[in-house]
Amino acid sequence: MTGTAATERVEFFHIYKLDVIEVPTNANMIRLDHADMIYKTEKEKFEAIVNEIAECNKNGQPVLVGTRSIEKSEKVSALLRRRGIQHNLLNAKFHEHEAYIIAQAGRKGAVTIATNMAGRGTDIVLGGNPQYLSKEKLKNWGTDTELVALASEYTPTEDPKVLEVRVQYQKLVEETKAETDKEHEEVIQAGGLHVLGTERHESRRIDNQLRGRSGRQGDPGSSRFYLSLEDELMRLFGSDRISYVMDKLGMEQGQEIQHPLISRAIESAQRKVEAMNFDIRKQLLDYDNVMNTQREVIYEQRQMVLEGEDLKGRYLEMMDEVVGEKLLAFCPASEYPEKWEIAALLTWLKQSFGLDFNFSHDEILKFTQETFKERLLADIKKAYEQKEGSLSPEMMRFLEQRVMLQVVDNCWKEHLYDIDQLRKGISLRAYGQKDPLVEYQLEAYRLFSNMTMRIKEEVTDYIFKVKLVAGPPPPVRRQENDSVSRTPGPSKIGMSNSSKPKQPQKLDKIGRNDPCPCGSGKKYKKCCGADK
């Protein structure tokens, strides 16, 4: 619910599925929004801006000058200094003082120069903000800044220092309010806050936010934007035609064009820029949605592991899928058994599961692809059950979780790199009259399918190769009574293609950068081996 989001209504609904509701103002809007003033050169524009600021300042009307950059703010400031006009410049160098300056931008005769981002969320009160003025007085008296902040809040406290300063603050607010109320009426008579924009922005929303600093809560106010044909927005849209009209009319230097038709043309140019920027963001979202869908699948899989779910059923499913994929490659159903690549399949089975299969020629001829798959899976599952029996079900579940998590993380990191490389070059498909987004979706799906199959192959491969390796003997520690005690050391889990178990590592062979055997999680050189 905001007034300035109305211009972005389409984007809010398309991306976030949110409607934009423009809430009516609390009091009638009486701000006067003047038509834009257009000059041929930037120099003429800034001269006109300074002249209007000087006129408002002479009448006691406060002026808020909005610029697109700090560079333009400093340029306006330099011109005002030459004319001897006192002003406040916000250049992002004094963050703490910025809110105070903006809050007092409504004082009589005040001139404040700021970028369009300055002072967001700070209420500009005509005649001055008594709360900010009171806080500034307390700080000038030498009161601690943090104490002033606590005193100006309504949070209950029993701190005597805070309570003392709070009494002073409330008294100052009452005194200051009498002054600001009087000045408030004088500023209203002068026309209220005048917002002066030094150029139009690419987005109408930013211009509306700048205008919205004036005419709040039923107060009077006015706004005007100054443009030149040398401004960025004007150079992009229509400056040549307007320049041609100026020359044909024989307009003199310093003479401006002021017409509602031109203001509407500028607004139309802003709409075009907004639509172009929206298309860029929409395309970025379309590309990111592809990765987001894949990310959800992987994170759901990781979460399942992290929550400690029983993965045995999932592992058995993966074995079924992996064996099925290999049979499609080595023993396709469309081929006769005589043409199956049995040798390659048996080599893969030996490498992945450590199983030796011996089938006679006659046995192979009797197999169909389905019966062959059932036979292989029966032996693989039997070997899986034997491994579980040799370790214990609890240890097997632990191994399944650790292997799954490690493989998923490694494969996902590689996939992210592949997708990044694909994204960088996919735009070249447009030269072949193909839609890069559609091509990206197809290629990303292919890469994701390959990654998921690689995960299944690796987890089933590693779970058969994982070995329990005896950890090093625990370090000897002496207690206060000089009795010798040993801290139990954890067993290590390692991947190994060898059937021979590793021998326990001796204590004096521990590397300085190895994990400390005491189980602290630190390196040996920073724990038990720190004194060695």
> Once you round to the nearest 0.5 Å, how far does CD of Q131 lie from NZ of K177?
Replying inline: 8.5 Å
> Would you find more than 12 non-hydrogen atoms of other residues, nucleotides or ligands less than 6.0 Å from D435 atom CG?
Replying inline: yes
>> Could you go through R204 and E8, starting from their C-alpha distance and side-chain angles, then the distance that decides it, and tell me whether this counts as salt bridge (charged side-chain N to carboxylate O under 4.0 Å, His left out)?
In response: CA-CA 9 Å; R204 289 170 295 160; E8 316 297 333; 5.8 Å; no
> How many angstroms lie between atom NE2 of H14 and atom NZ of K17, to the nearest 0.5 angstrom?
Replying inline: 6.0 Å
> Can D286 and K282 be counted as an ion pair, charged N to O under 4.0 angstrom?
Replying inline: yes
> Going through the checks in order, is the side chain to side chain contact (heavy atoms under 4.5 Å, CB included) test met by I124 and L64?
Replying inline: CA-CA 10 Å; I124 301 177; L64 175 63; 4.1 Å; yes
> Is any NZ, NE, NH1 or NH2 atom of the basic residue among D219 and R31 found under 4.0 Å from an Asp or Glu carboxylate oxygen of the other?
Replying inline: no
>> So does A444 get a backbone contact from the side chain of Q294, meaning a donor-acceptor N/O pair under 3.5 Å?
In response: yes
>> Between T112 and N88 (side chain of the first, backbone of the second, donor and acceptor by atom type, cut-off under 3.5 Å), is there such a pair?
In response: no
> Can you tell me how far the CZ atom of F13 sits from the CG atom of D19, to the nearest 0.5 Å?
Replying inline: 6.0 Å
>> Could you tell me if the side chain of I298 sits less than 4.5 Å from the side chain of M451, heavy atoms only?
In response: yes
> Regarding N57 and R83, is there a side-chain donor-to-acceptor distance under 3.5 Å anywhere?
Replying inline: no
> Step by step, would you call R423 with M291 a side chain to side chain contact (heavy atoms under 4.5 Å, CB included)?
Replying inline: CA-CA 11 Å; R423 179 78 174 270; M291 273 305 299; over 6 Å; no
>> Strictly below 4.0 Å, N to O, side chains only: are E317 and K456 in salt-bridge contact?
In response: no
>> Run the side chain to side chain contact (heavy atoms under 4.5 Å, CB included) test on S73 and L90 for me, step by step, so that the C-alpha distance in whole Å, both residues' side-chain angles and the decisive distance to 0.1 Å come before the verdict.
In response: CA-CA 8 Å; S73 296; L90 274 69; over 6 Å; no
>> If you compare all heavy atoms of S69 against all heavy atoms of T115, which two are closest, and at what distance to 0.1 Å?
In response: C-CG2, 3.7 Å
>> If you apply the rule salt bridge (charged side-chain N to carboxylate O under 4.0 Å, His left out), what do you find for K108 with E183, and how did you get there?
In response: CA-CA 7 Å; K108 184 178 179 181; E183 193 171 316; over 6 Å; no
>> side chain to side chain contact (heavy atoms under 4.5 Å, CB included), that's the test. Do W412 and R302 meet it? Break it down for me.
In response: CA-CA 11 Å; W412 178 243; R302 290 188 81 256; over 6 Å; no
> Considering only heavy atoms from C-beta outward, does the side chain of F225 approach that of M37 to under 4.5 Å?
Replying inline: no
>> Between K72 and E42, is the salt bridge (charged side-chain N to carboxylate O under 4.0 Å, His left out) condition met? List the steps.
In response: CA-CA 11 Å; K72 293 294 174 67; E42 191 176 64; 3.4 Å; yes
>> With a 4.5 Å cut-off on side-chain heavy atoms, are V148 and Y169 touching?
In response: no
>> Using side-chain heavy atoms (C-beta onward) and a distance below 4.5 Å, is D36 in contact with R200?
In response: yes
> Any donor and acceptor pair, going by atom type alone, linking the side chain of R166 with main-chain N or O of E153 inside 3.5 Å?
Replying inline: yes
> How long is the span from the OH atom in Y299 to the CG atom in L306, to the nearest 0.5 Å?
Replying inline: 11.0 Å
> Tell me, do L172 and W141 make a side-chain contact under 4.5 Å, heavy atoms counted?
Replying inline: yes
>> Just by distance, no angles: are the side chains of N129 and Q104 close enough, under 3.5 Å, to form a donor-acceptor pair?
In response: no
>> Please tell me whether S77 and H87 have a donor and an acceptor in their side chains that are separated by less than 3.5 angstrom.
In response: yes
> With side chains defined as the heavy atoms from C-beta onward, is the minimum distance between I426 and R429 less than 4.5 Å?
Replying inline: yes
>> Donor-acceptor check, side chain of H184 to backbone of L126, threshold 3.5 angstrom: yes or no?
In response: yes
> Do NZ/NE/NH1/NH2 and the carboxylate oxygens of E274 and R271 come within less than 4.0 Å?
Replying inline: no
> Is D207 salt-bridged to R211, going by a charged N under 4.0 Å from an acidic O?
Replying inline: no
> Hey, are N292 and R295 close enough side-chain-wise for a donor-acceptor pair under 3.5 Å?
Replying inline: yes
> So, are D33 and R224 salt-bridged, with charged N and O less than 4.0 Å apart?
Replying inline: no
> Has the side chain of N59 got a donor or acceptor atom that lies under 3.5 Å from a matching backbone atom of C56?
Replying inline: no
> Which pair of non-hydrogen atoms, one from V63 and one from I53, has the smallest distance, and what is that distance?
Replying inline: CG1-CG1, 4.3 Å
>> If the threshold is 4.0 Å, N to carboxylate O, is there a salt bridge linking K171 and E174?
In response: no
> So do the side chains of H34 and S222 get within less than 4.5 Å of each other, counting heavy atoms only?
Replying inline: yes
> When you measure from the side chain of R213 to the backbone N and O of Q209, does any donor-acceptor pair fall under 3.5 Å?
Replying inline: no
> Within the side chain of D420, is there an N or O that forms a donor-acceptor pair under 3.5 Å with the backbone of L416?
Replying inline: no
>> I need the minimum non-hydrogen distance between P62 and G192, along with the two atoms involved.
In response: CD-O, 3.8 Å
>> Restricting to non-hydrogen atoms, name the atom on P130 and the atom on G128 that form the minimum distance, rounded to 0.1 Å.
In response: CD-O, 3.4 Å
> More than 12 foreign heavy atoms under 6.0 Å from CD of E300: is that the case here?
Replying inline: no
> What are the two closest heavy atoms between T198 and K45, and how far apart are they?
Replying inline: O-NZ, 2.8 Å
> Side chains of T41 and E44: do they bring a donor and an acceptor to under 3.5 Å?
Replying inline: yes
>> Walk me through whether E443 and R446 qualify under salt bridge (charged side-chain N to carboxylate O under 4.0 Å, His left out).
In response: CA-CA 5 Å; E443 291 292 338; R446 181 184 62 80; 2.8 Å; yes
> Do you know the tightest heavy-atom contact between L437 and Y287?
Replying inline: N-OH, 3.5 Å
>> If I take atom CG from residue L147 and atom NZ from residue K139, how far apart are they, to the nearest 0.5 angstrom?
In response: 12.0 Å
> Counting heavy atoms not belonging to K58, are there more than 12 under 6.0 Å from its NZ?
Replying inline: no
>> To the nearest 0.5 Å, what is the distance between OH on Y132 and OG1 on T180?
In response: 14.5 Å
>> Within the structure provided, determine whether E47 and K43 are in side-chain contact (heavy-atom separation under 4.5 Å).
In response: yes
